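Please read all numbers here as calculations on a predicted model, not as lab measurements.
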Amino acid sequence: FLLLLFIIMFFLFFSFNFIIFFVFFLLFFVFLYFFVFYNKTNIKTIESSIRYFILSSFSSLFFLFGICLVYGLTCITDFSDLSLFLTSLDISDSSLKIRLGLRVSLFFILIGFFFKLYIFPLNSWVVDVYENTSLSSLFLISCLSPLFYFYLFFKFYLFFFSFFPFYIKLLFSFFGMLTFILGILG
């Protein structure tokens, strides 16, 4: 399973299309779930793995809804084409409607990423999963997957989020610092 997980990560590193990105994003999540569910004998492990599965599926739905909104507004699935489209938007009425729709889609994509990155308001469920998994699975869930999700978040930031106003960037900093501070105190 670990080799397949790394192959999926490799394909995600080099995907620049929403559809391919989301398919491999879900495959990564499913294989990560198998590592959480590895110790089936303990009832607490089963409970925490089901919680991990349900909440991660919920975050994937938010992420998918944001991607669908982007596609519905722009009819573009390629990251570089979307980047060119965002730079070519002018200040007309139809452009303002598209910008508003893209901001709503950005909100849903951010909720999906905040769940996956365990950012402050959406991180209370992680402790239960950490508590009831094996040490090898804990390494994958607590170290490897957040680094990987952070890379994917950074990829989205370069192609998609950087065209939005300053307050979005300020929001990233605020929630990042809150997560950092509460992680130290918690």
Side-chain angles (χ1 to χ4, degrees), residues 4-34 52-123 125-126 141 144-176 179:
L4 286 173
L5 190 71
F6 284 114
I7 290 171
I8 290 168
M9 287 173 66
F10 176 77
F11 280 112
L12 264 171
F13 278 130
F14 296 109
S15 67
F16 291 98
N17 190 322
F18 277 123
I19 298 166
I20 295 170
F21 183 85
F22 187 72
V23 167
F24 283 109
F25 190 73
L26 281 182
L27 281 174
F28 180 75
F29 158 67
V30 168
F31 278 101
L32 202 61
Y33 173 72
F34 284 121
Y52 178 75
F53 180 76
I54 290 172
L55 289 173
S56 290
S57 298
F58 185 67
S59 71
S60 295
L61 286 174
F62 272 107
F63 189 73
L64 178 64
F65 187 65
I67 289 174
C68 288
L69 282 176
V70 169
Y71 180 73
L73 290 167
T74 62
C75 295
I76 297 173
T77 60
D78 193 47
F79 293 164
S80 57
D81 291 343
L82 181 66
S83 178
L84 287 173
F85 177 79
L86 289 174
T87 56
S88 68
L89 285 176
D90 59 349
I91 306 179
S92 63
D93 287 337
S94 63
S95 176
L96 288 175
K97 291 176 186 175
I98 290 174
R99 283 185 188 267
L100 179 65
L102 287 174
R103 286 186 182 158
V104 170
S105 68
L106 173 72
F107 173 74
F108 285 110
I109 290 173
L110 282 178
I111 293 293
F113 269 122
F114 281 6
F115 255 93
K116 299 288 185 187
L117 287 172
Y118 319 130
I119 302 290
F120 163 62
L122 308 170
N123 67 345
W125 59 278
V126 175
I141 296 168
L144 191 61
S145 70
L147 283 174
F148 181 65
Y149 288 134
F150 183 74
Y151 168 77
L152 297 178
F153 179 75
F154 187 69
K155 184 189 235 185
F156 260 78
Y157 180 78
L158 288 178
F159 283 105
F160 188 55
F161 298 152
S162 61
F163 295 100
F164 288 96
F166 179 71
Y167 66 87
I168 299 280
K169 298 170 187 172
L170 190 63
L171 192 73
F172 292 157
S173 302
F174 174 72
F175 282 122
T179 303

Test side-chain contact (heavy atoms from CB on, under 4.5 Å) applied to [X] - qualifying residues, sequence neighbours left out:
X   : value
F10 : F14
I19 : N17, T77
F65 : L69, F108
L61 : none

- Message: Could you work out, with ring pair (Phe, Tyr, Trp, His ring centres under 6.0 Å) as the rule, every residue matching Y71, not counting sequence neighbours?
- Response: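 Partners of Y71 by the ring pair (Phe, Tyr, Trp, His ring centres under 6.0 Å) criterion come out as none, since no residue qualifies.
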- Message: Check whether S83 reaches the backbone of F79 with its side chain - one donor and one acceptor, N or O, closer than 3.5 Å.
- Response: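 It does not hold such a pair.
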- Message: Set out, in order, the CA-CA distance, both residues' side-chain angles and the distance that settles side-chain contact (heavy atoms from CB on, under 4.5 Å) for V70 and I109, then state yes or no.
- Response: CA-CA 10 Å; V70 169; I109 290 173; 4.3 Å; yes
- Message: Working to the nearest 0.5 angstrom, can you tell me the gap between I54 CD1 and S59 OG?
- Response: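 I54 atom CD1 to S59 atom OG measures 12.5 Å (nearest 0.5 Å).
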- Message: Can you confirm if the aromatic rings of F62 and F115 lie within a centre distance of less than 6.0 Å?
- Response: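 Distance test on ring centres: not under 6.0 Å, no.
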- Message: Please report whether the ring centroid of F18 lies less than 6.0 Å from that of F22.
- Response: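 Judged by ring-centre distance (under 6.0 Å), F22 and F18 do not meet the cut-off.
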- Measure the shortest side-chain to side-chain distance between L84 and I76 over non-hydrogen atoms and say whether it is less than 4.5 angstrom.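 SC-SC contact between L84 and I76 ruled out.
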- Task: Please list, chain by chain and in numerical order, all residues satisfying side-chain hydrogen bond (donor to acceptor under 3.5 Å, both in side chains) with D81, sequence neighbours excluded.
- Result: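 None.
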- Give the minimum heavy-atom separation between L73 and L102, together with the two atoms involved.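 In this case the closest contact between L73 and L102 is CD1-N, 3.4 Å.
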- Item | Distance-minimising heavy-atom pair for G66 and S105 |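 Looking at all heavy atoms of both residues, the closest pair is O-CB, 3.4 Å.
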- Task: Answer yes or no: does atom CZ of F16 have more than 12 heavy-atom neighbours from other residues, nucleotides or ligands under 6.0 Å?
- Result: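 Atom CZ in F16 is packed in, count exceeds 12.
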- Which is it for F85 and I98 under the side-chain contact (heavy atoms from CB on, under 4.5 Å) test, yes or no, and what are the steps along the way? CA-CA 11 Å; F85 177 79; I98 290 174; 4.0 Å; yes
- Message: Over 60° means perpendicular and under 30° means parallel, so tell me whether F63 and F113 are parallel, tilted or perpendicular.
- Response: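 Rings of F63 and F113: perpendicular, over 60°.
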